2 protein chains.
Amino acid sequence: MPTCDVNLVDSEKVQKVRTAIADTDTLFRMAELFKAFGDPNRVKIIWALATEELCVCDLSSVVGMTPSAASHQLRSLRNLKLVKFRRAGQMVYYSLDDKHIEMLLAQGLEHVQEDRR
Amino acid sequence: MPTCDVNLVDSEKVQKVRTAIADTDTLFRMAELFKAFGDPNRVKIIWALATEELCVCDLSSVVGMTPSAASHQLRSLRNLKLVKFRRAGQMVYYSLDDKHIEMLLAQGLEHVQEDRR
DNA sequence: AAGATATATGAACATATGCACATATATTCA
DNA sequence: TGAATATATGTGCATATGTTCATATATCTT
């Protein structure tokens, strides 16, 4: 891997930062979590479920996706344990799994709104 | 677009959720913000810069990328106004642009760690 | 000015992602 | 049991993404 010829500019800083950063697995999991929020439709889904528990049918209607597409996304969110669900007859009701999720959503919104100056 | 035959299961809820969700543009911007965190290497970059201001050379060393790859990623982060930079001679020093970014990072970490029960 | 070094950028390529479509599964109701 | 409905899943495709490699730009040094 090419590096700067001066191997490091400030190796003390580099060492400090190296120890500050989380392990690879944690970084990977964090990236995966954020990736879940990295699509407008999924943000919409998450927001919707933060507002109200919804069945797949109503959810798809709200976010404007086919039930199939919504279901696919819900699967990812389920795998990441971001949403939980309960079956009620033929319907399956989804909701957020965790208060953290709402906080992340709120943080994101805040940043975006503040940035629009 | 196919929908459930029963047009809506609970149209009152649907209406409520519809009005609760942000406009398309906001959703899009939020997704873009989160997408920036949606890659392990970028999380690493952001974390590194949250710890210490770094030149591209030292940053690439910390995150284990080529300076070129790091520079590409820094450009995206710059476009999203997540990082700022100052030139010092041949070197360019990057740092986080905003406290929100660190908070998002912290929130993400917290979720991931709590989840590892 | 010329060479050296740090950073940036463009293009190409491999991989990942999100959706549509077809089909499967599960539940209800007749 | 069989038809109807809600949800889930597999596959294929178009597009997005991240990296590498080549090259450009900027700054310093001599």
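Letters go in sequence order (proteins before strands), and every chain restarts at 1. These figures come from a predicted structure and were not determined experimentally.
- Under the side-chain hydrogen bond (donor to acceptor under 3.5 Å, both in side chains) criterion, Glu52(B) pairs with Lys16(A), sequence neighbours left out.
- Applying the side-chain hydrogen bond (donor to acceptor under 3.5 Å, both in side chains) criterion to Arg87(B), with sequence neighbours excluded, gives no partner residue.
- With sequence neighbours left out, the ring-ring contact (aromatic ring centres under 6.0 Å, His included) criterion links Tyr93(A) to no other residue.
- In this structure, the side-chain hydrogen bond (donor to acceptor under 3.5 Å, both in side chains) partners of Glu102(A), at least two apart in sequence or on a different chain, are Lys99(A).
- Note on Arg75(A): every side-chain N or O is 4.0 Å or more away from OP1 and OP2 of dG18(C).
- Rounded to whole Å, the distance from CG on Leu59(A) to P on dA6(D) is 15 Å.
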Interface polar pairs with nucleotides 12-18 of chain D, N/O, under 3.5 angstrom:
unit_1	atom_1	unit_2	atom_2	d
dT17(D)	OP1	Lys35(B)	NZ	3.2
dG18(D)	OP1	Arg42(B)	NH1	2.9
dG18(D)	OP1	Arg42(B)	NH2	2.7
dG18(D)	OP2	Arg42(B)	NH1	3.0

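- Shown here are the side-chain contact (heavy atoms from CB on, under 4.5 Å) partners of Ala36(A), two or more places apart in sequence or in another chain: Leu77(A), Leu80(A), Leu82(A).
- Pairs of residues two or more places apart, or lying in two chains, that qualify as side-chain hydrogen bond (donor to acceptor under 3.5 Å, both in side chains) and include a residue from residues 32-49 of chain B are Arg42(B)-Gln73(B).
- For Ser95(B), the side-chain contact (heavy atoms from CB on, under 4.5 Å) test picks out Glu53(B), Lys84(B), with sequence neighbours left out.
- Remark: P of dT9(C) and CG of Asn79(B) are 9 Å apart, rounded to the nearest angstrom.
- The nearest whole Å value for the distance from the NZ atom in Lys44(A) to the P atom in dG18(C) is 16 Å.
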Check nucleotides 22-24 of chain D against the protein and report each pair of N or O atoms closer than 3.5 Å, with its distance, or say if there are none.
none

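- Between Phe28(B) atom CZ and dG18(C) atom P there is a gap of 13 Å when expressed in whole angstrom units.
- Of the candidate nucleotides dT19(D), dT7(D), dT7(C), dT19(D) has the atom lying nearest to any side-chain atom of His72(B).
- Side-chain nitrogen and oxygen atoms of Thr66(B) include at least one within less than 4.0 Å of the OP1 or OP2 phosphate oxygen of dT20(D).
- Atom CD1 in Ile45(A) sits roughly 16 Å away from atom P in dT17(C) (whole-Å rounding).
- A heavy atom lying under 4.0 Å from DNA chain D marks the following residues of residues 82-96 of chain B, by number: Arg87(B), Gly89(B), Gln90(B).
- Of all heavy-atom pairs spanning Leu104(A) and Phe34(B), the tightest one is O-CZ, 3.3 Å.
- Evaluation of the side-chain contact (heavy atoms from CB on, under 4.5 Å) rule for Gln90(B) yields no partner, not counting sequence neighbours.
- Shortest non-hydrogen contact noted between Ala31(A) and Pro40(B) is CB-N, 3.4 Å.
- Under the side-chain hydrogen bond (donor to acceptor under 3.5 Å, both in side chains) criterion, Arg75(B) pairs with no residue, sequence neighbours left out.
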